[in-house]
Amino acid sequence: MPDKKNEKNYPSNFIRTIIENDLASGKCKKVVTRFPPEPNGYLHIGHAKSICLNFGLARDYGGVCHLRFDDTNPTKEDVEYVESIMEDVHWLGFDWQDKLFYASDYFDQLYEYAEMLIKDGKAYVCDLSQEEIRATRGTLTVPGTESPYRNRSVEENLDLFRRMKAGEFEEGSRCLRAKIDMASPNVNMRDPVIYRIRKAEHHRTGNKWVIYPMYDYTHCISDAIEGITHSLCTLEFEDHRPLYDWFLDQLPVPCHPQQIEFARLNLSYTVMSKRKLLELVQSGTVRGWDDPRMPTLAGMRRRGFTPEAIRDFVDRIGVAKADSLVDFELLQFCVREDLNKKANRVMAVLHPLKVTIENYPEDQVEEFEAINNPEDESAGIRMVPFCKYLYIEQDDFSENPPKGWHRLSPGAEVRLKHAYYITCKEVIKDESGNVTELICTYDPSSRGGWTPDARKVKGTIHWVSARHSFDAEIRLYENLFTIPNINDIEEGKDYRDYLNPNSIKVLKNCKLEPSLKEVTIGEKFQFLRQGYFSVDYDSTADNLVFNLIVTLKDSWTKQLKKMGYV
RNA sequence: UGGGAUGUCGUCUAAUGGUAGGACAGCGGACUCUGGAUCCGUAUGUGAGGGUUCAACUCCUUCCAUCCCAGCCA
């Protein structure tokens with residue numbers, strides 16, 4: 001029975017149904033899944049779906065999940081990616097224990113099996129060039145034609161294949177093909193290539209091999225060797241399943257895993273294709289795989305998204321076979337929900353406006369008690385200093401406020417969070433008419449945020465003491481792209497045409513309350529009334545850098561939009 | 001126009017012949033020292049047409065739409 005004690009109870013899905021039936025019927029005794037990334041790029045949120053699925057199933061049904069690198073193409077793979085993938089899987093909260101494998105671990109076995117296929121007359125060495133193979137494969141509607149090398153003798157095939165392995169032939173001059181059916185309506189079955197010559201160094205096997213097995217051949221056999229019961233992959237492999245099954249049916253493998261396909265994750269306003277992500281990195285459009293705007297796990301981690309939020313998100317989106325595009329809003333919701341419970345509240349002014357309290361003594365300093373997290377009493381309190389000179393947010397003052405304005409405006413009174421009520425007496429502007437400073441008065445009886453007369457003050461705004469605050473850099477992020485579905489773009493346009501020019505905005509000289517001087521990389525805060533922020537690792541002792549993780553819900557801006565102000 | 005798949009609120013996802021439900025987004029309200037959080041309320045959906053059945057998202061049938069496949073990539 002599934003053990004979901006510590007998980008929220010989300011709806012079941014068709015894969016769970018299959019597994020429960022297999023367990024009930026005795027078709028399998030213990031669930032064994034695997035997460036099989038190719039180490040040719042960084043993991044993204046789409047991989048997180050697969051990771052949570054595979055490891056989650058193993059956890060819930062008392063099975064195990066292997067981590068297996070699908071490293072059959074030495075020209076594209078690298079240890080850098082292997083390392084990042086392991087880091088990301090761990091960070092997400094999953095552990096493969098001693099079940100770490102590489103498809104390259106099976107190269108010897110795979111080779112043996114290939115010889116068996118040859119001996120059984122089910123594979124042959126083909127001398128056609130890549131172009132010729134393509135030309136003879138036929139089209140989607142026209143059958144292919146058989147290779148002139150298709151009926152070589154077993155002896156000749158064996159000899160040639162062994163010489164391929166020995167490095168006697170040039171890359172591309174020959175390959176090993178399965179002998180299936182050139183007229184199959186499924187092009188994957190038209191004598192697929194199963195070994196090619198690649199004189200490239202492999203990140204694990206070095207120069208031991210000059211022939212490398214193809215994915216279709218490798219994956220099913222690797223699954224079988226590891227005793228995988230349910231081999232989950234994305235929809236585009238559905239057409240490959242007959243081939244997956246074909247190899248396993250021909251060979252004396254220990255078991256025959258079941259391949260099950262599900263729809264990959266698409267997220268609005270971003271891209272999930274490894275090719276595009278790689279291009280964004282290599283073109284310098286973003287600052288690297290871990291740029292906080294990237295949908296990579298490294299990027300999201302740096303941005304400040306938590307593994308808990310990502311796991312919750314994956315649980316909420318479910319698993320099915322229909323193509324889908326999930327609202328980015330849902331991910332943001334999950335992040336807010338998690339951080340609301342965890343992040344301490346602090347005050348930071350992103351766009352400072354100077355405020356002078358004219359009736360406050362020049363040299364006086366007070367400290368106010370501030371609750372760190374109203375959602376978590378154990379987070380405790382801190383002291384926040386106050387003086388005659390303050391900064392507030394430019395957006396919190398309006399000379400001609402719209403209807404429903406709760407914040408500061410000429411003559412209006414607001415509460416400074418945790419401190420005093422202040423009233424705006426005078427607006428100071430520069431020559432071009434920009435507001436540069438406000439002269440206010442405070443009500444000494446409102447100390448701590450209350451008055452004896454209990455009069456209502458609609459607005460509460462955040463602030464910092466000009467004398468005690470310090471400057472920091474804050475990086476604001478928006479969606480990487482301007483349209484929700486990057487796979488659905490105008491004719492003749494490229495996805496790069498839809499890059500959001502405002503995806504990053506760097507703010508210098510933001511004013512932070514002094515308690516923020518002591519922070520650690522990756523630490524997360526709620527900047528009161530603004531959003532959640534995470535300390536970036538670009539931070540130095542004299543220049544702290546914060547990343548916007550996600551803004552707070554903002555019903556005021558929403559209202560302004562409805563009123564037509566924005 | 002070959003083969004494989006998929007169509008349920010705006011979005012994602014349940015319901016496997018028996019009251020179409022949940023979440024996010026939306027809308028309305030309450031409350032609030034964050035216009036945050038929280039709470040309450042509310043609208044919107046079975047791609048279309050036939051058929052079987054007391055009863056159809058579910059079974060049959062015809063159609064329509066969308067996605068994937070012609071790498072010696074995975």
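Letters A, B, ... mirror the listed sequences (proteins, then strands); counts begin at 1.
Across all strands, A:His240 comes closer than 4.0 Å to base atoms (heavy-atom distances). Counting any heavy atom pair closer than 4.0 Å across all strands shown, A:Tyr212 reaches no nucleic acid atom. A:Thr218 comes within 4.0 angstrom of nothing in the nucleic acid, heavy atoms only. Among the heavy atoms of the strands, none lies under 4.0 Å from A:Lys458. Residue contacts for A:Glu38: at a heavy-atom cut-off of 4.0 Å it reaches the sugar-phosphate backbone alone, with no base atom in range. Among the protein residues, A:Gly404 comes within range of the nucleic acid bases, having at least one heavy atom under 4.0 Å from a base atom. Note on A:Gln559: a base of the nucleic acid sits closer than 4.0 angstrom, heavy atoms only. Residue-level contact check: A:Asp70 touches the backbone only, with heavy atoms under 4.0 Å from sugar-phosphate atoms and none from bases. Heavy atoms of A:Gln526 sit under 4.0 angstrom from at least one base atom. Residue contacts for A:Val142: at a heavy-atom cut-off of 4.0 Å it reaches no nucleic acid atom on any strand shown. Within the 4.0 angstrom heavy-atom criterion, no nucleotide atom of any strand lies near A:Leu265.
Taking the side chain of A:Phe333 as heavy atoms from C-beta on, and the options B:C72, B:A25, B:G35, the nearest nucleotide is B:A25. For A:Arg316, taking side-chain heavy atoms from C-beta onward, the closest of the listed nucleotides B:A74, B:G3, B:C24 is B:C24. Which of B:C27, B:C72, B:G35 sits closest to the side chain of A:Lys562 comes down to B:C27. Each of B:A14, B:G35, B:G26 was ranked by its minimum atom distance to the side chain of A:Trp556; first place goes to B:G35. For A:Leu528, taking side-chain heavy atoms from C-beta onward, the closest of the listed nucleotides B:G71, B:G35, B:U34 is B:U34. With distances taken from any side-chain atom of A:Pro374 to the nucleotides B:U6, B:G36, B:C73, the minimum falls on B:G36. In the set B:C72, B:G3, B:G26, B:G3 carries the atom at the smallest distance from any side-chain atom of A:Pro185. When distances are taken from the side chain of A:Asp323 to each of B:G35, B:A37, B:C67, the shortest belongs to B:C67.
With sequence neighbours left out, the ring pair (Phe, Tyr, Trp, His ring centres under 6.0 Å) criterion links A:Tyr42 to A:Tyr81, A:Trp289.
Using a 4.0 Å cut-off between charged nitrogen and carboxylate oxygen, A:Asp395 and A:Arg407 do not count as a salt-bridge pair. A salt bridge links A:Asp127 with A:Arg152: the distance from a Lys NZ or Arg NE/NH1/NH2 to an Asp or Glu carboxylate oxygen falls below 4.0 Å.
Spacing between B:U34 and B:G47 at atom C1', rounded to whole Å, works out to 46 Å. For the C1' atoms, the distance from B:A15 to B:U66 is 24 Å, rounded to whole Å. The separation of B:C9 from B:U13, taken at their C1' atoms, amounts to 11 Å, rounded to a whole angstrom.
Taking a pair to require two hydrogen-bonding distances under 3.5 Å in either a Watson-Crick or a G-U wobble arrangement, B:A30 pairs with B:U38. Look at B:U52: it lacks any Watson-Crick or wobble partner with both distances under 3.5 angstrom.
Evaluation of A:His219 against the base of B:A74 yields no stacking contact (centre distance < 5.5 Å, interplanar angle < 30° required).
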For A:Lys417 and A:Val384, what are the C-alpha separation, side-chain angles and deciding distance, and is it a side chain to side chain contact (heavy atoms under 4.5 Å, CB included)?
CA-CA 10 Å; A:Lys417 179 81 178 174; A:Val384 184; over 6 Å; no
Nucleotide N/O of nucleotides 39-46 of chain B paired with protein N/O under 3.5 Å:
none

